[in-house]
Amino acid sequence: MPTIVVEVMPKAELLDPQGKAVAGALARLGKTEFSNVRIGKRFELTVDGPITDIVRADVEKIADEILSNSVIEDVVAITYPEAE
Amino acid sequence: MRIGVITFPGSLDERDAQRAIRIAGAEPVALWHGEHDLHGVDALVLPGGFSYGDYLRAGAIASVSPIMAEVISAANSGMPVLGICNGFQMLTEAHLLPGGLIRNDHGHFIRRDQALRVENTDTAWSTGFELNDEIVIPLKNGEGGFIASEDELDRLEGEGRVVFRYLGVNPNGSLRDIAGITNERGNVVGLMPHPEHAVEPGFGPDTSAAMRSGTDGLTLFTSAIQALQAV
């Protein structure tokens, strides 16, 4: 089944408290080479059938309107499977 | 006067909201997220809780529930709509209110009796207050940090659409200490603190007069009833 991957990140200018907590844990483990951590989301959308232009248009709409909230997040990538 | 309270999967405070409506003098009507029917109510409350376990984003999945089509249409035609906590998050996700709510800047869930200043007494849910009234109602959230672009914040401030502002302590990192806002028309209000938990002596926040005697939240509900009676 073809799978489309949508990646969403919190906006760069906003505080990411989850990432900050992980960065704090890394620092406590002595992994001081990592100065910052940000946590985003990866969605894998499985499609029944071929990835048509209609499917692509739907994915872009869904990514913008449901999978992300443009006030707080950015869609950073939509990756389609290699054509067979 | 009938005020609907919508229950979503994971709502927590719908019974308290119904009780607040009853104490304020109206009839609460329980509504279900999966229906396309507002049962003829005069106003709506979207209650607090963790709809859909806060999956995706707090309020995001609830904001595309079947009943939200009717909620959006009713809000756009002027019906008073109040979103409390998770309900506020739903209203921003449904684009009925601007901005968004993100995880508290300190990373912790917080629960406290919170002082607020009332800065707009023209909305359907705040007419019963005096301008700059200071009230105390409970707050409890993990993702209550209000954010919006600088332009949007300036617009909200310029148009007087900040209804409630945190006083003393900013509990969650909300920009400009914003606790609650309204839409342009003033019929839709969203806030993170919980007015429905401060409506009956014995069960509210402590006051200087007596323990748990705070009932400042009741005025939001009586305001809506008055606003509806004035129509």
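We name chains A, B, ... by the order of the sequence lines, and we start the count at 1 in each one. Please read all numbers here as calculations on a predicted model, not as lab measurements.
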Picking from A:Leu14, A:Asn69, A:Ile66, A:Val8, which has the most non-hydrogen pairs under 4.5 angstrom with chain B? A:Asn69

In plain terms, say whether B:Glu119 and B:Arg161 are close enough for a salt bridge, that is, a side-chain N and a carboxylate O under 4.0 Å apart. no

Cut-off 4.5 Å, heavy atoms of chain A, and the answer for B:Ile147 is both

Taking only residues two or more places apart in sequence or in another chain, which ones pass side chain to side chain contact (heavy atoms under 4.5 Å, CB included) with B:Ser223? B:Thr127, B:Thr219

Selection from B:Ser63, B:Gly107, B:Gly173, B:Gly99 maximising heavy-atom pairs under 4.5 Å formed with chain A: B:Gly99

Return the option, out of A:Glu65, A:Glu73, A:Lys11, with the maximum number of heavy-atom pairs under 4.5 Å with chain B. A:Glu73

Under-4.0 Å salt bridge between B:Arg155 and B:Glu184: yes

Other residues, nucleotides and ligands only: do more than 12 of their heavy atoms fall within 6.0 Å of OH on B:Tyr55? no

